[in-house]
Asks: 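Mind having a look at this structure? Questions to follow.
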Amino acid sequence: GILVTGKSAFARNFFLSKPNSLIRGVQIGVTTYSFRSMPGHPDKLLQYCIESNINAVELKGDEVEDYLGKPVNPVKMQPRVPGQPKQELSEEVKAQLKQYKEQVAAWRESVSMDGFTELRKKFNAAGVYIFAYKPNALAADNTDGEVTYAMRAAKALGATSVSVEL
């Protein structure tokens, strides 16, 4: 027979317990940006948390919004290379990006919160708490409707905060 003890990944999976990254009273969590080199579907992000024994997460908005039907950006930007000058955009590309930004704003202002609530339920059932939501909807050039969306989506996800990068 096999005796499995401790908090190894094998033991956790063997007994199907939930992840627990509360260590000596300190909650350890991750941002889903930590998994950026891996497939970013919400189900995959949840699996990465479980496999890492992480039960608290800051959920980035891009993967969630893409999953819930945000319009697809028609402009494929080249990755920014540190030390290289910013890519110059043609007037045509600038117009496409402006139109896309307007489409995303309209989507955010009208999207149902049901999908966000379902994601919260899925994460919580697996033992992972979404403590923050980080949509790219809180910049100075976002609409008031997008800011409201960010707060509503965070609440539907069960997050107690939203986060941004400056």
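Below, all heavy atoms of this structure are taken into account, side chains as well, without hydrogens, waters or symmetry copies.
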Asks: Atom CD1 of I130 and atom CZ of F116: how far apart are they, to the nearest 0.5 Å?
Replies: 10.5 Å
Asks: Are Y33 and V30 linked, directly or through other ILVMFWY residues, by side chains that come within less than 4.5 angstrom of each other?
Replies: no
Asks: Indicate the atoms forming the closest heavy-atom contact of L22 with N20, along with that distance.
Replies: N-OD1, 3.0 Å
Asks: Measuring from C49:SG to K44:NZ, what's the distance to the nearest 0.5 Å?
Replies: 13.5 Å
Asks: If you compare all heavy atoms of L59 against all heavy atoms of Y133, which two are closest, and at what distance to 0.1 Å?
Replies: O-CD1, 3.3 Å
Asks: Could you list the donor-acceptor pairs under 3.5 angstrom formed by side chains in residues 117-125, with sequence neighbours left out?
Replies:
| unit_1 | atom_1 | unit_2 | atom_2 | d |
| --- | --- | --- | --- | --- |
| T117 | OG1 | M113 | O | 3.2 |
| R120 | NH1 | A156 | O | 2.8 |
| K122 | NZ | D43 | OD1 | 2.7 |

Asks: Mind checking whether F35 and I50 sit in one hydrophobic cluster, side chains of I, L, V, M, F, W, Y counted as touching below 4.5 Å?
Replies: yes
Asks: Identify the heavy atoms of G115 and L68 that sit nearest to each other, and give their distance.
Replies: CA-CD2, 3.7 Å
Asks: Counting C-beta onward and ignoring hydrogens, is there a side-chain heavy-atom pair between V128 and I54 closer than 4.5 Å?
Replies: no
Asks: Return the minimal non-hydrogen interatomic distance between A126 and L46, and the atom names on each side.
Replies: CB-CD1, 3.9 Å
Asks: Taking atom NE2 of H41 and atom CD of Q47, what is their separation to the nearest 0.5 Å?
Replies: 12.5 Å
Asks: With rounding to the nearest 0.5 angstrom, report the NZ to CZ distance, K60 to R36.
Replies: 9.0 Å
Asks: Tabulate below the donor-acceptor pairs under 3.5 Å that side-chain atoms of residues 102-111 make, not counting sequence neighbours, or state none.
Replies:
| unit_1 | atom_1 | unit_2 | atom_2 | d |
| --- | --- | --- | --- | --- |
| E102 | OE2 | K98 | NZ | 2.8 |
| W107 | NE1 | G69 | O | 3.3 |
| R108 | NE | E65 | OE2 | 2.9 |
| R108 | NH1 | N136 | O | 3.1 |
| R108 | NH1 | E146 | OE2 | 2.7 |
| R108 | NH2 | E65 | OE1 | 3.1 |
| R108 | NH2 | E65 | OE2 | 3.4 |
| R108 | NH2 | N136 | O | 3.4 |
| E109 | OE2 | T143 | OG1 | 2.7 |
| S110 | OG | A106 | O | 2.9 |
| S110 | OG | W107 | O | 3.4 |

Asks: Any heavy-atom pair between the side chains of Q27 and N55 that's under 4.5 Å?
Replies: yes
Asks: Nearest 0.5 angstrom please: K94 NZ to E88 CD, how far?
Replies: 7.0 Å
Asks: List the atom of A150, the atom of V162, and the distance in Å for their closest heavy-atom pair.
Replies: O-CG1, 3.7 Å
Asks: Just wondering, do K101 and N142 contact through their side chains at under 4.5 Å, heavy atoms?
Replies: yes
Asks: Answer yes or no: is there a donor N or O on one side and an acceptor on the other, between the side chain of S112 and the main chain of D114, under 3.5 Å?
Replies: yes
Asks: Checking D66 against V72 for the side-chain contact (heavy atoms from CB on, under 4.5 Å) test, could you report, in this order, the C-alpha distance in whole Å, the side-chain angles of both residues, the deciding distance, and whether it holds?
Replies: CA-CA 8 Å; D66 290 347; V72 176; over 6 Å; no
Asks: How would you list all residue pairs meeting salt bridge (charged side-chain N to carboxylate O under 4.0 Å, His left out) that involve residues 150-166, not counting sequence neighbours?
Replies: K134-E165
Asks: N53 and S21: side-chain donor and acceptor closer than 3.5 Å?
Replies: no
Asks: Within a reach of under 6.0 Å around CG of D144, are more than 12 heavy atoms found that belong to other residues, nucleotides or ligands?
Replies: no
Asks: Which pair of heavy atoms, one from P74 and one from Y100, lies closest together, and at what distance?
Replies: CD-CD1, 3.9 Å
Asks: Got more than 12 heavy atoms from elsewhere within 6.0 Å of NZ, K86?
Replies: no
Asks: As an exercise, state the distance from CG of L157 to CZ of F131, rounded to the nearest 0.5 Å.
Replies: 12.5 Å
Asks: Just by modelled atom types, is the G40 backbone N or O under 3.5 Å from a matching donor or acceptor in the Y48 side chain?
Replies: no
